[in-house]
Amino acid sequence: MSSETLLNVKNLRTWFNTPEGLVKSVNGVSFHIDKGETLALVGESGCGKTVTSLSLIKLIGSNGVIEADELTLNGRDIRNISKEQARKIRGREISMIFQEPMTSLNPVFKIERQIGEMIKIHNKGISKEEVRKRSIEILKKVGVPNPEERLKVYPHQLSGGLRQRVMIAISLASNPAMVIADEPTTALDVTIQAQIIDLLKELQRDFNTSILLITHDFGVVSQLADRVAVMYAGRIVETGTLEQIIEHPLHPYTELLILSIPGIKVKKGERLKTIEGQVPNPLNFPDGCRFNPRCPFAADICRRKEPPAVVIDGREVSCWKRMEEENHE
């Protein structure tokens with residue numbers, strides 16, 4: 001971690017009290033994001049990626065509890081901030097691009113009102129004319145054609161790609177230091193996906209904004225991320241630079257994720273790998289390594305003891321197999 005660190009998370013725990021029992025959705029997650037950097041948090045649905053991101057901005061339900069050994073934003077401790085303080089952070093310092101803009105945008109309000117609200121919240125006393133001017137400027141920056149006309153329409157009158165651009169515009173309206181992008185291309189066709197990825201790259205260059213990219217798709221990761229944290233069953237199992245993770249994954253789960261996506265390491269005509277089974281229920285995680293029931297390399301120790309995070313080749317991984325190989329070298 002350096003003086004350029006924007007967000008530092010150490011041993012984050014987010015648990016939910018439910019009628020079925022205590023759900024430990026996120027349990028011991030640690031990472032950091034530097035200024036102007038993109039960190040991809042990767043894993044299958046149900047691994048705890050979105051809960052991790054929502055925990056950072058205090059957007060979990062009343063039955064949830066968020067704890068951490070350390071949670072700092074620009075050096076400021078935000079673990080025990082009030083709801084009012086959290087509202088001030090959201091939008092101004094950390095914004096979020098949600099997964100599905102059709103459900104995230106309010107269907108009964110025009111685009112002008114929805115962008116304008118974000119601008120007004122963080123600029124007290126701003127005039128109506130200035131709000132409109134800034135709204136048009138931000139829509140132009142995210143590539144929305146005819147922004148003056150787009151302000152007058154409702155979300156359902158826009159295409160999926162334009163709705164996503166409006167979501168990005170809202171997230172950038174107050175020039176936040178960091179944007180959380182939760183599966184920003186999932187609901188879009190391939191052409192629009194490429195446009196949104198290019199847009200995020202361009203905006204990061206222009207604003208030096210840090211990005212926490214939440215995704216299951218290594219195809220998107222390979223185009224956007226500087227570093228990668230691979231998450232499984234509420235824990236991070238491996239971290240490294242994009243090149244390290246793609247070229248030489250250490251954890252079996254990381255390797256299988258990469259080999260399940262065409263075009264990264266699996267070339268045309270080759271068979272994609274599949275990961276047998278599914279992510280375990282957080283009410284009943286397996287003993288030992290949580291990936292052991294699905295891991296082709298699982299040994300007896302994997303079923304008995306949870307592997308600690310160790311540094312191998314300059315990056316962290318939690319895997320008994322890798323630790324054994326390292327000790328034998």
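As the structure is a prediction and not an experimental result, all values here were calculated from the model.
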Could you tell me whether a side-chain N or O of Q223 sits under 3.5 Å from a main-chain N or O of G219, the two making a donor and an acceptor? yes
E306 and R235 ion-paired at < 4.0 Å: yes
Side-chain heavy-atom pair L158, R150 within 4.5 angstrom cut-off: yes
For L250 and E238 the tightest heavy-atom approach is N-OE2, 2.9 Å
Minimum side-chain heavy-atom gap L199-I168 below 4.5 Å: yes
Output for pair (M231 CE, F31 CZ), nearest 0.5 Å, gives 8.5 Å
Looking only at side chains, do S135 and E112 share a donor and an acceptor under 3.5 Å apart? no
K10 NZ: over 12 foreign heavy atoms closer than 6.0 Å: no
Checking D34 against T5: is there a side-chain donor and acceptor pair closer than 3.5 Å? yes
Should V220 and V42 be regarded as members of a common hydrophobic cluster, given that ILVMFWY residues are connected when their side-chain heavy atoms come within less than 4.5 Å of each other, either directly or indirectly? no
E243 atom CD, neighbour heavy-atom count above 12 within 6.0 Å: no
Of all the heavy-atom pairs spanning V131 and G116, show the shortest one and how long it is. CG1-CA, 3.6 Å
Decide whether T50 and D182 meet the rule of one side-chain donor and one side-chain acceptor closer than 3.5 Å. yes
Would you mind reporting whether I81 and K58 have side-chain heavy atoms less than 4.5 Å apart? yes
Worked verdict on V237 versus V317 for side-chain contact (heavy atoms from CB on, under 4.5 Å): CA-CA 6 Å; V237 297; V317 63; over 6 Å; no
How far apart are the closest heavy atoms of G143 and P145, and which atoms are they? O-CD, 3.3 Å
Looking only at non-hydrogen atoms, find the nearest pair between P184 and L200 and report the distance. CG-CD1, 4.2 Å
Hey, is the main chain of H32 close enough, under 3.5 Å, to the side chain of R227 for a donor-acceptor pair? yes
Check: L162 and V144 side chains under 4.5 Å, non-hydrogen atoms: yes
Within the distance-only criterion (no hydrogens, no angle test), does the side chain of T254 pair as donor or acceptor with the backbone N or O of P249 below 3.5 angstrom? no
Could you tell me whether K141 and D206 have a side-chain N and a carboxylate O separated by less than 4.0 Å? no
Got a donor-acceptor contact below 3.5 angstrom from the N27 side chain to the G234 backbone? no
If I take atom CD from residue E117 and atom NE2 from residue H122, how far apart are they, to the nearest 0.5 angstrom? 11.0 Å
With a cut-off of 6.0 Å (strictly less than), are more than 12 heavy atoms of other residues, nucleotides or ligands near NZ of K140? no
With a 4.5 Å cut-off on side-chain heavy atoms, are I170 and I138 touching? no
With distance as the sole test, does S95 use its side chain to make a donor-acceptor pair with the main-chain N or O of S171 at under 3.5 Å? yes
Is it true that S210 and E37 share a donor-acceptor pair across their side chains at a distance under 3.5 Å? no
Straight-line distance of R303 CZ to W320 CH2, nearest 0.5 Å: 14.0 Å
Does atom CG of D287 have more than 12 heavy-atom neighbours, drawn from other residues, nucleotides or ligands, at distances under 6.0 Å? no
Scan side-chain atoms only and decide if Y253 and E44 contain a donor-acceptor pair under the 3.5 Å cut-off. yes
Quick one: does D77's side chain have a donor or acceptor within less than 3.5 Å of a partner on R79's backbone? yes
Can you list the steps and then say if K321 with E325 is a salt bridge (charged side-chain N to carboxylate O under 4.0 Å, His left out)? CA-CA 6 Å; K321 177 177 183 288; E325 289 174 351; 2.7 Å; yes
Rounded to the nearest 0.5 Å, how far apart are CD1 of I94 and CD1 of I57? 7.0 Å
Here the pair of heavy atoms bringing L139 nearest to A169 is CD2-CB, 3.9 Å
Between R134 and E130, is the closest basic N to carboxylate O distance under 4.0 Å? yes
Same cluster or not: L224 versus I246, using hydrophobic residues (I, L, V, M, F, W, Y) connected whenever any side-chain heavy atoms lie under 4.5 Å apart? no
Please step through side-chain contact (heavy atoms from CB on, under 4.5 Å) for the pair F207 and N175, ending with a clear verdict. CA-CA 8 Å; F207 295 96; N175 295 318; 3.6 Å; yes
Same cluster (ILVMFWY, side-chain, under 4.5 Å), L259 and V221: no
I89 with I121, same ILVMFWY side-chain cluster at under 4.5 Å: no
I'd like to know whether CD of Q278 has more than 12 heavy-atom contacts from other residues, nucleotides or ligands below 6.0 angstrom. no
Can we say K133 and E129 salt-bridge, meaning some charged N sits less than 4.0 Å from an Asp/Glu carboxylate O? no
Can you see whether N106 engages Q114 through a side-chain donor-acceptor pair at a distance of less than 3.5 angstrom? no
Compare all side-chain heavy atoms of L242 with those of D226 and state whether any distance is below 4.5 angstrom. no
Out of curiosity, N63 CG to N17 CG, how far, rounded to the nearest 0.5 Å? 6.5 Å
Closest approach of G161 to I196 (non-hydrogen atoms, all atoms of both residues): O-CD1, 4.2 Å
Check this for me, if you would: do R87 and E84 make a salt bridge, where the nitrogen-to-carboxylate-oxygen distance has to be below 4.0 angstrom? yes
Quick one: does any side-chain atom of R165 pair with a main-chain N or O of V142 as donor and acceptor, under 3.5 Å? yes
In terms of side-chain heavy atoms, does S55 have a donor or acceptor partner in T14 at a distance below 3.5 Å? yes
More than 12 foreign heavy atoms under 6.0 Å from NZ of K273: is that the case here? no
For H251 and F291, take the angle between the two ring planes, folded into 0 to 90°, and tell me which bin it lands in: parallel under 30, tilted 30 to 60, perpendicular over 60. tilted
Begin from the C-alpha positions of K120 and I126 and carry the test side-chain contact (heavy atoms from CB on, under 4.5 Å) through to its verdict. CA-CA 7 Å; K120 285 187 286 187; I126 190 171; 4.0 Å; yes
Please check if the side chain of N292 supplies one atom and the backbone of C289 the other of a donor-acceptor pair under 3.5 Å. yes
Within-4.5 Å side-chain heavy-atom neighbours: C319 and P252: yes
Okay, side chain of T215, backbone of D217: is any donor-acceptor separation there less than 3.5 Å? yes
Is there a path of hydrophobic side-chain contacts, each under 4.5 Å between heavy atoms of I, L, V, M, F, W or Y residues, that connects V228 with M178? no
Check step by step if side-chain contact (heavy atoms from CB on, under 4.5 Å) holds for I245 and F218. CA-CA 10 Å; I245 295 292; F218 259 103; 3.8 Å; yes
Please report the interatomic distance CG(L71) to CG(L7), rounded to the nearest 0.5 Å. 6.5 Å
Using a 3.5 Å distance criterion without hydrogens, assess whether the side chain of E247 forms a donor-acceptor pair with backbone atoms of Q244. no
Side-chain contact test, heavy atoms from C-beta onward, threshold under 4.5 Å: evaluate it for Y232 versus R294 and give yes or no. yes
